[in-house]
Enquirer: 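Before anything else, here's the structure in question.
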Amino acid sequence: MSTTEAPTRQLDFIREIVEEDLRTGRHSTVITRFPPEPNGYLHIGHAKSICLNFGIAQEYGGQCNLRFDDTNPTKEEAEYAEAIKRDVAWVGFDWGKNLYHASDYFEQLYRWAEDLIRAGKAYVDSLSAEEIRELRGTLTEPGKESPYRYRSVEENLDLFRRMRGGEFGDGAHVLRAKIDMASPNVNMRDPVLYRIRHETHHRTGDAWCIYPMYDYAHPLSDAIERVTHSLCTLEFEDHRPLYDWLIEHVPVPARPHQYEFARLNLNYTVMSKRKLLRLVEEGHVRGWDDPRIPTIAGLRRRGYTPAAIRSFCDRVGVAKRENVIDVALLEFSIREDLNLHANRVMGVLRPLRVVIENYPEEKSESFDVPNNPEDPDAGTRQVPFSRVIYIESDDFMEEPPKKFFRLAPGREVRLRSAYFITCTSAVKNDAGEIVELRATYDPSTRGGDAADGRKPKATLHWVSARHALDCEVRLYDRLFRSENPEESGDFLADLNPDSLEVVPQAKLEPSVRGAAPFTRFQFERLGYFCVDPDSSAARIVFNRTATLKDTFTRRA
RNA sequence: UGGGGAGUCGCCAAGUGGUAAGGCAUCGGUCUUUGGAGCCGACAUUCGGUGGUUCGAAUCCACCCUCCCCAGCCA
């Protein structure tokens, strides 16, 4: 009997920590959280965090909270929060009843701030923002203490309460932690905990005019929710000492720990909320769900599946080193999924008429065509055929080069699932452009096989002209020309002018009629396409999700 | 020239002192009623560099180099 190797799954460093904590009993259950700020749409980088946080909760039988980090009313909107919930659910995760908001904790957070004041660990500073900045020192020089640093507890309490009461204007005072103005870590130089903002909050309305800073609200919110592993990106590493300081100096009910991992970057695109916002607001793309941007909404509209996004996130890994993932990996993930699950259909993007001269004028017949060769259970459909068909203009060349196996004068090819045809001539217009092909078919090849065993070197997709459905097809290319659009300084200058090409009159086989928005197909030999919500009963609009690899084109 | 991180194949990423996993990309071949998919194969004598410890180092030590982050009353 052979010893079966225990297939020790390769864990990323965070899962290793989680397992260790579970094994040693530091925690008996794992609680994570996904903490978006509702100030923009989620993108593929957030998907990585979602998959990590919810994935860990799932794998270890724990829980993952969806918590909105809504501590800054000037930037946040309910509309964004709704979009975020929709996107998280769509990616495939369920927070159940664990939907929270940092704003739910404002009262508790406030009380703890008073506790800090009473403990002499926080004080009201009345310096201006500029003065605070000046006294903070620099990266190499220590800061200086504020003249207000040693106010009495009573005065601090009084001032802080009056801040809450609305007695002061924005910026008049802030609450600061009393830590160490000489700390080499600037985050520890008496960080601001609360600021005054007379602003209506999308959830608490006008109940508050002081709002906690992220650095204050986050660790305490984690503790309130009994989060065990608080996962964030690398730029917060410097904030961990402050996170820990607060957990230590506030009487919180639990001891969460923060761990940092590298955020996801993708080449040929931009990922920061600020840049995505500019693309949307300045009209460089059609909206937050434009299929060319890496927002979850954009990817969804482009035709990506939640499963593809999840497998992509799995493949990308979790580590601490900066990374730029090749967008080809994202494309691979969607092709892999759609190859198995998308039904095939024939559609011609650039139609070239072909008249099959020996096929009767009035006749038409239909072929039983498999919906998905990768999945026999997908069944078949009827595809009509008649004397005049369209083929892809790229599939014909009057003078074919060496490796071109498709149609050419005198050459025989197979029409997928139909007949073999032989091109007899090309009809040109006055400008010398080919406008139509003449051909003959071999009736004995019905279905696409020849009794004599001859095998054409090419199989073409086609659509019966008489039965074709006119559709709009939107072809997308990368939004930016360079791998790193931000490198040059002005990412907008790097926009690809050809990122969207609209084909207004593509010819599709009639079976796609009535397909609902977001239905995905493979157009044989062309790529994967998804019905866009812009579609109407009169006309379907398709988005190209990804191309199929074309080795002839690639070599050419 | 303060502090915090990181450097393993073109892009990711395992590896935790015993002689460099895997994925994507790429390149061959095979198969094919999608030039798709699939299948088979190739792809780091070497782990930022230099010394050292050791029978043995990507893994330990020392020094050096490079890159990223931090001076919002943003998150």
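Below, chains carry the letters A, B, ... as their sequence lines are ordered, and counting in each starts from 1.
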Enquirer: Please classify the nucleic acid contact of A/P373 as base, sugar-phosphate, or nothing, using heavy-atom distances under 4.0 Å.
Expert: base

Enquirer: Closest approach to the side chain of A/R321, judged atom by atom: which nucleotide of B/A75, B/A71, B/A13 is it?
Expert: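 Selected nucleotide: B/A13.
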
Enquirer: Under a 4.0 Å threshold between the charged nitrogen and the carboxylate oxygen, would A/D442 count as salt-bridged to A/R414?
Expert: no

Enquirer: Under 4.0 Å between a side-chain N or O of A/R189 and OP1 or OP2 of B/G2?
Expert: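 A/R189 to B/G2 OP1/OP2: no side-chain N or O under 4.0 Å.
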
Enquirer: Please determine whether a side-chain nitrogen of the Lys or Arg among A/R406 and A/E392 lies less than 4.0 Å from a carboxylate oxygen of the Asp or Glu.
Expert: no

Enquirer: By nearest atom, which of the nucleotides B/U34, B/G35, B/A71 is closest to the A/E524 side chain?
Expert: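 Nucleotide nearest to A/E524's side chain: B/U34.
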
Enquirer: Do A/R240 and B/G4 have a side chain to base donor-acceptor pair shorter than 3.5 Å?
Expert: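 Check fails, no donor-acceptor contact within cut-off.
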
Enquirer: Quickly work out the A/L234 CG to B/C68 C1' distance and round it to whole Å.
Expert: 8 Å

Enquirer: I'd like to compare against my own output: the B/S/- annotation of nucleotides 16-24 of chain B with a strict under-4.0 Å heavy-atom distance to protein.
Expert: B----B-SS

Enquirer: Establish whether the base of B/G5 is bridged to the side chain of A/D238 by a donor-acceptor pair shorter than 3.5 Å.
Expert: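 Result: no qualifying N/O pair found.
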
Enquirer: Sorted by first residue and then second, give each ring-ring contact (aromatic ring centres under 6.0 Å, His included) pair with at least one member in residues 321-350 of chain A; sequence neighbours left out.
Expert: none

Enquirer: Between A/D222 and A/R67, is there a side-chain N and carboxylate O pair less than 4.0 Å apart?
Expert: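 A salt bridge is present here (some side-chain N lies under 4.0 Å from a carboxylate O).
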
Enquirer: Under 3.5 Å, is there an N or O donor on one side and an acceptor on the other linking the side chain of A/E374 and the base of B/G36?
Expert: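 Donor-acceptor pair under 3.5 Å: yes.
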
Enquirer: Does A/E145 pair with A/R189 as a salt bridge, N-O distance under 4.0 Å?
Expert: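 Judged by the 4.0 Å cut-off on N to carboxylate O distance, A/E145 and A/R189 do not form a salt bridge.
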
Enquirer: Of the nucleotides B/A14, B/C74, B/G35, which one has an atom closest to the side chain of A/A319?
Expert: B/A14

Enquirer: Please classify B/G72 as syn or anti, treating any glycosidic angle within 90° of 0 as syn.
Expert: syn

Enquirer: Quick one: is B/A75 close enough that its OP1 or OP2 comes under 4.0 Å of any side-chain N or O from A/R195?
Expert: yes

Enquirer: Using a strict 4.0 Å threshold on nitrogen-to-oxygen distance, state whether A/E225 and A/R33 make a salt bridge.
Expert: no

Enquirer: Describe the nucleic acid contact of A/K273 in one word from base, sugar-phosphate, nothing, applying a heavy-atom distance below 4.0 Å.
Expert: nothing

Enquirer: A/E237 has a side chain; which of B/G4, B/G35, B/A6 sits nearest to it?
Expert: B/G4

Enquirer: How close or far is atom C1' of B/A37 from atom CZ of A/F523, stated in whole angstroms?
Expert: 18 Å

Enquirer: In whole Å, I'd like the distance from the CZ atom of A/R344 to the C1' atom of B/A37.
Expert: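 Taking CZ of A/R344 and C1' of B/A37, I get 8 Å after rounding.
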
Enquirer: If you look at every strand shown and take non-hydrogen atoms under 4.0 Å, does A/V174 touch a base, only sugar-phosphate, or nothing?
Expert: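 A/V174: base contact, heavy atoms under 4.0 Å.
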
Enquirer: Could you tell me the separation between the CG atom of A/L277 and the C1' atom of B/C74, rounded to a whole number of Å?
Expert: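 Between C1' of B/C74 and CG of A/L277: 14 Å.
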
Enquirer: Touch check for A/L139, heavy atoms < 4.0 angstrom, all strands: base, sugar-phosphate only, or nothing?
Expert: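 Here A/L139 touches the bases of the nucleic acid.
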
Enquirer: From CZ of A/F68 over to P of B/C74, roughly how many Å is that when rounded to an integer?
Expert: 21 Å

Enquirer: Would you mind checking if A/R525 and A/D395 are paired as a salt bridge, meaning a charged N to carboxylate O distance below 4.0 Å?
Expert: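 Yes, charged N to carboxylate O under 4.0 Å.
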
Enquirer: Can you tell me the pairing partner of B/A44 across any strand shown, Watson-Crick or G-U wobble, with both distances under 3.5 angstrom?
Expert: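 In the structure as shown, B/A44 has no Watson-Crick or wobble partner.
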
Enquirer: Looking at B/G35, which nucleotide sits across from it as a Watson-Crick or G-U wobble partner, both distances under 3.5 angstrom, or is there none?
Expert: none

Enquirer: Check the distance between B/G3's P and A/D180's CG and give it to me in whole angstrom.
Expert: 14 Å

Enquirer: Mind checking A/H218 for me? I need base, sugar-phosphate or nothing, with any heavy atom below 4.0 Å counting as a touch.
Expert: nothing

Enquirer: Across the strands shown, which category fits A/L135 at heavy-atom distances under 4.0 angstrom: base, sugar-phosphate, nothing?
Expert: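 Result for A/L135 = nothing.
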
Enquirer: Write down the partner of B/C60 under the Watson-Crick or G-U wobble criteria, each distance required to be under 3.5 Å.
Expert: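 When the pairing criteria are applied, B/G52 turns out to be the nucleotide that pairs with B/C60.
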
Enquirer: Between P on B/U34 and CG on A/L460, what's the gap in Å once rounded to a whole number?
Expert: 12 Å

Enquirer: I need the single residue from A/E331, A/R335, A/Q522 that forms a side-chain hydrogen bond (donor to acceptor under 3.5 Å, both in side chains) with A/Y528. Which is it?
Expert: A/Q522

Enquirer: Among the candidates B/U34, B/G2, B/G36, find the nucleotide nearest to the side-chain atoms of A/P184.
Expert: B/G2

Enquirer: Using purine N1 to pyrimidine N3 plus N6-O4 or O6-N4 for Watson-Crick, or N1-O2 and O6-N3 for G-U wobble, both under 3.5 Å, which nucleotide pairs with B/C67?
Expert: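 Per the H-bond distance test, B/G5.
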
Enquirer: What is the distance from OH of A/Y123 to C1' of B/C73, rounded to the nearest Å?
Expert: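 A/Y123 atom OH is separated from B/C73 atom C1' by 13 Å.
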
Enquirer: Answer yes when A/K178 and A/D190 have at least one side-chain N-carboxylate O distance shorter than 4.0 Å, and no when they do not.
Expert: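 Judged by the 4.0 Å cut-off on N to carboxylate O distance, A/K178 and A/D190 do not form a salt bridge.
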
Enquirer: May I ask you to say what A/M346 touches in the nucleic acid, namely base, sugar-phosphate or nothing, with a heavy-atom cut-off under 4.0 Å?
Expert: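 No contact at all - A/M346 keeps every heavy atom at 4.0 Å or more from the nucleic acid.
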
Enquirer: Identify whether any heavy atom of A/D449 sits under 4.0 Å from a base atom; if not, whether one sits that close to sugar-phosphate; answer base, sugar-phosphate or nothing.
Expert: base

